[in-house]
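Chain identifiers are assigned alphabetically (A, B, ...) following the order of the sequence lines, protein sequences preceding nucleic acid strands; residue numbering begins at 1 within each chain.
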Amino acid sequence: MAVCIAVIAKENYPLYIRSVPTQNELKFHYTVHTSLDVVEEKISAVGKAMADQRELYLGLLYPTEDYKVYGYVTNSKVKFVIVVDSSNTSLRDNEIRSMFRKLHNSFTDVMCNPFYNPGDPIQSKAFDGIVSGMMVQPS
Amino acid sequence: MADGVLFEFLHMEMVSHVFKDQQSTNGEMNNKDRAVCTSVLEGMGFRVGQGLIERFTRDSPSFKDELDIMKFICKDFWTQVFRRQVDNLRTNHQGTYVLQDNKFVLLTQLSSGKQYLDDAPKYLAYSCGVIRGALSSLGLDSVVTAEVSLMPSCKFQVVIQKL
């Protein structure tokens with residue numbers, strides 16, 4: 001279960017960011033912001049290894065003492081960042097991948113919505129629903 | 001399946017509607033009006049292209065370079081949107097690409113003689129927009145134009161804008 005989920009546009013500004021409300025939200029915003037550097041590094045690093053098939057899932061970006069940050073980039077350079085609690089060790093790679101898949105599918109639906117302008121903050125209730133399903137429920 | 005036909009009909013009506021709309025404000029169509037109609041259709045295509053790319057590239061890996069992206073447009077993208085592949089892709093390796101489709105699906109319903117050659121570009125504006133939207137979503141700014149010399153084949157010229 002994630003503690004914070006963010007969707008960042010191609011130009012590196014947030015389209016959607018949501019964190020568990022009980023915590024200090026600014027700290028998560030900052031964590032997501034710093035993770036962007038790591039994402040950029042991974043994207044350009046994969047570019048050098050031309051022979052490999054490039055994957056959209058970037059994996060663990062970096063661990064801090066409390067949290068682990070995972071990244072995923074789409075072909076249209078929209079980035080998804082998920083922050084999970086380090087104490088939650090039962091979360092496996094596959095589960096994170098499936099969370100990103102669900103996010104990507106939901107994001108695709110948002111993009112295809114004719115009332116949505118690409119670049120605007122995401123306000124779709126369906127997207128909110130998917131994200132709530134993945135966040136730690138506030139007790 | 002009747003899906004493809006539905007869009008063809010919708011497209012024909014779209015073009016006719018946009019042109020009729022513009023014409024009702026003036027008595028006659030001049031070049032400026034034609035340009036407005038073309039950009040309206042192109043704008044529609046642009047937004048659709050962006051959404052389509054999100055859906056089509058959901059599972060495929062990242063593209064290596066510009067040529068890879070153009071090949072994807074010519075094969076997978078063209079197949080999904082226009083139900084065939086581009087017949088010929090030419091490039092000068094400096095950002096200009098010409099995609100030639102010998103039996104463009106939105107032109108097949110018009111007669112293949114010279115009669116409608118002048119009207120054909122109207123029916124290509126939307127598709128130019130779709131290509132431009134797709135490329136923009138993949139990170140390439142471009143200018144897409146189309147020309148018809150022999151119905152129903154047409155050529156799309158894509159010029160990638162470098163910053």
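- Clustering ILVMFWY residues whenever any of their side-chain heavy atoms sit less than 4.5 angstrom apart, transitively, puts A:Ile8 in the very cluster that holds A:Tyr13.
- Using a 4.5 Å cut-off between non-hydrogen atoms, the part of residues 111-121 of chain A that approaches chain B consists of A:Met111, A:Cys112, A:Asn113, A:Tyr116, A:Pro118.
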Could you walk me through whether A:Thr74 and B:Arg58 pass the side-chain contact (heavy atoms from CB on, under 4.5 Å) test, one step at a time?
-> CA-CA 7 Å; A:Thr74 70; B:Arg58 194 161 52 188; over 6 Å; no

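- A:Phe107 and A:Ile130 fall within the same hydrophobic cluster, where Ile, Leu, Val, Met, Phe, Trp and Tyr residues are linked whenever their side-chain heavy atoms come under 4.5 Å apart, directly or through other members.
- Taking a 6.0 Å sphere around NE2 of A:His33, one finds it holds 12 or fewer heavy atoms contributed by other residues, nucleotides or ligands.
- Looking at heavy atoms from C-beta onward, B:Leu138 lies in side-chain contact with A:Asn75 at the 4.5 angstrom threshold.
- In the hydrophobic cluster analysis, where Ile, Leu, Val, Met, Phe, Trp and Tyr join through side-chain heavy atoms closer than 4.5 angstrom, B:Leu124 is grouped together with B:Leu117.
- Put simply, B:Trp78 and B:Phe7 are part of the same group of oily side chains (I, L, V, M, F, W, Y) that touch within less than 4.5 Å, one to the next.
- Using a 4.5 Å heavy-atom cut-off against chain A, the contacting residues of residues 126-137 of chain B are B:Ser136, B:Ser137.
- When the side chains of ILVMFWY residues are joined at heavy-atom separations under 4.5 Å, either directly or via intervening members, B:Leu140 and B:Leu67 end up in a single hydrophobic cluster.
- Crowding of B:Phe82 atom CZ: a count of heavy atoms from other residues, nucleotides or ligands under 6.0 Å exceeding 12.
- Using a 4.5 Å cut-off between non-hydrogen atoms, no part of residues 85-99 of chain B approaches chain A.
- Taking non-hydrogen atoms and a 4.5 Å limit, the residue list of residues 36-54 of chain B in contact with chain A, ordered by number, reads B:Arg47, B:Gln50, B:Gly51, B:Glu54.
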